[in-house]
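Below, read A as the first sequence line, B as the second, and so on, with proteins coming before strands; counting in each chain starts at 1. What you see is a predicted model, and the numbers here were worked out from it, not measured in a lab.
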Amino acid sequence: MSFAGKILRVDLTNRKINKYDADLAKDYIGGFGLCAKLACDLIKSEVTPLSPLNPLIIGAGALVGTNAPATSRIYAFTKLPANGAIGWGGGGGATFACNLKFAGYDAVIIEGKADKPVFIRIEDDDIDIRDAEDIWGSGINETCEKIWEECGEGGILAVGQAGENLVRFSMMYIDRLSTVGRGGIGAVMGSKNLKALFVRGSGSVEVKDRKRFDKAVKELLERMKSYPYLKEWQELGLLKSLPAIPRDVYLKLRKRRIACVSCPIGDKDVLELDGGEIYTTSAVNLMTPAVMGMNYKDAMRLTAKLDDYGMDMFEFLGILNFAKELSEKGKLELDSEIDFTSLDSMLFWAKKIASREGTGDLLANGFAEMERKFGVKPKSVVKGMRAYTTPKGPLIWNLFGTMELGQILDPRGPHVAAGGSPTYFAKRPPESFRKHLARMGIPDEKIGEILSSGIKIGKLLCHSHIWFTILASLGICARAQINRFYSADICAELYSAATGIEMSKNQLLDKAREIWRMLKLANFRAGFTREDDLPPEDWFDDGFRDYVTGEPLTKEDVERMMDEYYREMGLEEFMRR
Amino acid sequence: MIAVHSENCTGCMRCVLICSYTYTKKFSISTPRIKIKEYRAEFTEDCNECGKCVEQCFYGALEMVK
Ligand code: SF4
Ligand code: SF4
């Protein structure tokens with residue numbers, strides 16, 4: 001069966017390494033579901049995010065290691081430094097996820113704190129905790145290169161200087177290609193004195209019923225091959241729907257397109273700029289600072305530097321915006337001017353924050369801490385993190401769809417990934433949703449309810465979260481170009497064939513709902529209530545608009561959507577009384 | 001013969017996965033007859049040019065030539 005079979009447990013304090021059977025994977029689909037369950041069981045409510053007692057739980061999905069298309073995701077759960085939520089980050093990347101499975105592990109649990117900088121090397125059964133003094137202080141690129149030099153080929157999960165210095169918006173990076181954020185998850189590694197994990201697996205992943213599995217994969221690949229936009233997606237990736245930079249300008253800079261393992265429609269890139277290489281998770285991310293008025297080459301240089309520090313660009317820009325506002329109010333004295341159009345100014349601040357120098361030390365503590373200190377509410381901040389999409393940036397988008405509602409209802413804070421549904425960054429007529437909703441496994445009568453008089457965004461978000469949970473537990477990428485080929489039926493078929501555990505579509509949907517509810521309720525028990533889910537007040541002055549009618553939205557409209565969501569998900573604890 | 005166009009290779013490893021699966025019934029990146037080194041496909045002596053890897057490459061990095 002396609003599970004690796006073991007969970008690895010590394011206690012950094014006592015330098016103890018244990019393995020145990022991963023039977024739990026079978027009860028929680030695997031990957032995201034398995035790690036969510038481990039997180040809910042292992043993360044104690046009194047534990048603070050940067051305490052050695054906060055575990056970091058990293059797992060690969062049930063189909064990872066097979067050739068089902070675009071199945072290379074890992075998910076990492078922990079208590080998040082930005083807000084104290086039991087949350088997660090996910091990412092694809094090169095070979096980290098499949099190597100973990102080939103080494104024999106569905107998940108790794110890291111606990112405790114090493115007495116000096118270390119990295120963990122996993123080669124099948126041969127595991128050691130190695131000295132990382134000489135790479136501590138290095139950026140992501142140098143860290144990966146040095147570890148590859150020392151250990152040979154394999155997958156790497158690492159943090160940069162931002163993670164080491166406990167920046168509350170640091171991220172982890174997979175194979176220097178993919179980000180695992182947000183919520184300051186990189187700082188959890190830093191707090192453990194853990195620079196990286198290296199993994200190489202010489203083993204294999206089997207599927208239980210090859211004939212059945214092959215048939216499902218073959219059909220998927222045939223549909224992908226005949227997709228009319230295949231070439232365009234392969235060439236442009238997310239730039240296809242978000243043309244942040246003219247196509248020919250971008251293609252001139254690109255040295256190579258990179259795909260996550262098993263992905264037929266890869267959209268990561270290596271670019272050549274200033275005689276060096278830039279590895280990027282998405283061209284759109286790379287260009288984001290241009291929204292603030294920077295020229296495109298400087299935008300790329302800045303994002304590349306932030307990636308090397310291992311720092312979330314959206315939070316970085318957001319926190320500087322807030323600092324600027326505080327300084328204009330005379331509440332904060334800055335070491336230097338903040339100029340969003342100047343690369344020098346941005347690089348100055350990136351370094352200050354990543355290494356916690358001067359005012360950077362304060363900014364590195366993130367929104368929640370700054371709000372407490374200055375008694376000023378930052379704009380568009382939810383659960384201690386800046387929302388991605390708001391009518392005023394950083395990603396400018398004013399229609400209120402599932403991604404926007406998801407930014408407040410996601411237990412871990414604002415994020416794009418968990419809302420994987422058709423309202424993502426494009427206005428489409430509600431009727432065109434029908435086939436996508438059916439594909440996500442939503443029953444006909446429910447689709448009717450969702451699409452009656454406009455779109456019931458709250459209800460739709462509930463089913464988007466369930467759909468995301470399925471993809472993530474199987475290890476399938478949720479990006480639009482992949483997501484569109486999968487359906488709940490195909491997922492159930494692949495899962496049953498690969499694992500030998502017969503699972504109908506409805507059983508899979510029920511299990512996914514149980515997993516998402518479990519997470520939301522674990523956070524409720526940890527103190528996150530409806531109050532924490534409420535939208536920021538500034539979303540409503542010349543702000544978000546109804547997805548269908550384009551009419552301005554009120555806070556009451558959003559609260560109605562919230563209740564609709566909670567009711568649909570079975571989360572009465574969060575409903576208005 | 002299989003022609004390699006490494007400029008198109010994305011490192012997706014679909015070729016590697018299918019080769020191991022075809023000949024060992026298991027997915028693995030350590031047993032296949034094709035290896036990807038720095039985005040360039042190299043074949044081991046055991047490769048019989050069955051072409052399975054070519055079928056799985058979506059990026060035009062492998063091509064079966066007569
Ligand atoms: S041609 Fe066949 S045997 Fe040779 S590498 Fe490709 S799949 Fe393997
Ligand atoms: S040769 Fe083709 S299938 Fe193999 S890694 Fe490169 S792009 Fe992927």
Minimum heavy-atom separation for [X] and [Y], please, with both atom names.
X	Y	value
A:C263	B:Y59	O-OH, 2.7 Å
B:R14	A:N67	NH2-O, 2.9 Å
A:G65	B:L17	O-CD2, 3.6 Å
A:S202	B:S30	O-OG, 3.0 Å
B:F27	A:T66	CD1-CA, 3.6 Å

Exercise. Is A:N99 close to B:I29 at the side-chain level, that is, under 4.5 Å between some pair of heavy atoms?
Worked result: yes
Taking everything shown except [X] itself, do over 12 heavy atoms lie less than 6.0 Å from its [atom1]?
X	atom1	value
A:K146	NZ	yes
B:K26	NZ	no
B:K25	NZ	no

Give, as side chain, backbone, both or neither, the part of [X] having an atom under 4.5 angstrom from any heavy atom of chain B.
X	answer
A:S72	neither
A:I265	backbone
A:V270	neither
A:K268	neither
A:D269	neither

Problem set entry | Distance (rounded to the nearest 0.5 Å) between B:T22 OG1 and A:D214 CG | 8.5 Å
Problem set entry | From A:E206 atom CD to B:T24 atom OG1, the distance as rounded to the nearest 0.5 Å | 8.5 Å
Check: [X] side chain, [Y] main-chain N or O, donor-acceptor pair, under 3.5 Å:
X	Y	answer
A:R257	B:T10	no
A:R210	B:Y21	yes
A:Q234	B:F58	yes
A:R256	B:C9	yes

For this session: Check whether B:S28 gets within reach of chain A through its side chain, its backbone, both or neither, counting any heavy atom under 4.5 Å.
Result: both
Exercise. Are B:K37 and A:E153 close enough for a salt bridge, meaning some N to O gap below 4.0 Å?
Worked result: yes
